[in-house]
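None of the values given here were measured: they were computed from a predicted structure. As the structure lists them, so they are numbered: ligands from 1, and atoms in each ligand from 1. All heavy atoms count here, side chains included; hydrogens, waters and symmetry mates do not.
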Amino acid sequence: MSYDIKAEILRLKKEKKAVLLAHFYEDGEIQDLADHVGDSFHLAKMGQASQADVILLAGVVFMAESVKILNPTKKVLVPDLGAGCSLVDEAPYEDYLRWRTEHPDGIAVTYINSSAEVKAISDVIVTSSNAKQIVSAIPADRPVLFGPDKNLGRYLSKELNRPFELWPGSCQVHVLFSARRLFEMTNEHSDAVVIAHPECDSSVLQYAHVIGSTSRLLEEVEKNPARKFIVATETGIFHQMKKKRPDAEILQAPTGDVSCACNDCPYMKMNTLEKIRRALETLSPEVVLTDELRLRAQVSLDRMMAITRGQAVTWPEKFISPS
Ligand code: 13P
Ligand code: SF4
């Protein structure tokens, strides 16, 4: 009988009392084995609420760090500790600290795609699915510093009609979409609904009928009776879209490079079934944060969770740099 790695993962998951969380950008076979599949906010909530002994997060490391911060007594694992994110890389702690220090009156609104160190010097965390609600809870007279994703920040600033001080980071995957080629594609497929993630450049977003988080885009495909969609986000989510709408044509938005239609996130795609099996078997690699860092980063994540539950929060008067 041939070796069945999927059955082995399910067996190990049970044996180790583990829960498997997967982001929409993972390969379909990983999504199908997961206990919960979702966007980064959904995964943070599922991780926080989990009663399992072990939480294995098939996504990127900042997602697993957020779960560790929100549910610190659990063993939090990732299939590959190298699964980073260009937004994390483009917001080094020392530079972000300098930026914050230059704007002491500002409220630092930081995208969850950031390191734990950067979260620890932020006032509140947002994801693309809750950012509007969170920024709307900040008093109108307080300046907003938004980082690290300038495209999401620019989009929100326009939507909320509020000026932001923007950090100059971007997602290396979403900036690859070509506005010119998307415009040509919309002419060719005038019956298609264009849906895009707000990490795309504004030149691409101008052609989108719907802009939203991965879960919002999936919801649109599920509920919109249109039969054709052009999707400007990572291809992993096509798996759920095709499941929800087998009758619809799901087309990938074009990148600038005509020789490559692929827009995969190299970090999300580092995760494989074999790495998941090994992580469950060896209970490693584990996400480990010092208590000091975890507790400081928890403040900004807790504010996000409180606002999304409709609770009132207080904001610091001024930024005090950690000594
Ligand atoms: P979502 O929160 O929309 O899932 O986005 C996460 C991400 O990394 C997009 O590139
Ligand atoms: Fe980071 Fe972009 Fe990959 Fe999302 S798609 S994890 S923002 S590099």
What protein heavy atom is closest to [atom], reported as residue, atom name and distance in Å?
atom                    : answer
atom 1 (P) of ligand 1  : T214 OG1, 3.5 Å
atom 8 (S) of ligand 2  : S86 N, 3.7 Å
atom 8 (O) of ligand 1  : N113 ND2, 3.2 Å
atom 2 (O) of ligand 1  : S40 OG, 2.5 Å
atom 1 (Fe) of ligand 2 : C85 SG, 2.4 Å
atom 9 (C) of ligand 1  : E199 OE2, 3.1 Å
atom 3 (Fe) of ligand 2 : C265 SG, 2.4 Å
atom 6 (C) of ligand 1  : H23 NE2, 3.7 Å
atom 5 (O) of ligand 1  : H197 NE2, 3.3 Å

T127 N/O to ligand 1 N/O under 3.5 Å: no

E234 to ligand 2, any heavy atom closer than 4.0 Å: no

I'd like to check which ligand 1 atoms, numbered from 1 as shown, lie under 4.0 Å from a non-hydrogen atom of [X].
X    : answer
D39  : 1 (P), 2 (O), 4 (O)
S128 : 1 (P), 2 (O), 3 (O)
S213 : 3 (O)

Verify same cluster id: Y96, L166 (apolar side-chain graph, 4.5 Å): no

Shared hydrophobic cluster for L87 and Y93 (ILVMFWY, side-chain gaps under 4.5 Å): no

F24 touching ligand 1 at heavy-atom level, < 4.0 angstrom: no

Nearest neighbour of atom 2 (Fe) of ligand 2 from the list A83, G84, C171, on a heavy-atom basis: C171

Shortest heavy-atom approach to atom 4 (Fe) of ligand 2 - which of N113, N263, D149: N113

Enumerated ligand 2 atoms positioned under 4.0 Å from heavy atoms of L87: 7 (S)

Do we see a donor-acceptor contact under 3.5 Å between the side chains of [X] and [Y]?
X    : Y    : result
T235 : D264 : yes
T214 : D39  : no
K119 : S114 : yes
H239 : D32  : yes
Y267 : Q172 : yes

Closest approach of Q298 to I69 (non-hydrogen atoms, all atoms of both residues): CA-CG2, 3.5 Å

Flag if over 12 foreign heavy atoms under 6.0 Å of NZ, K228: yes

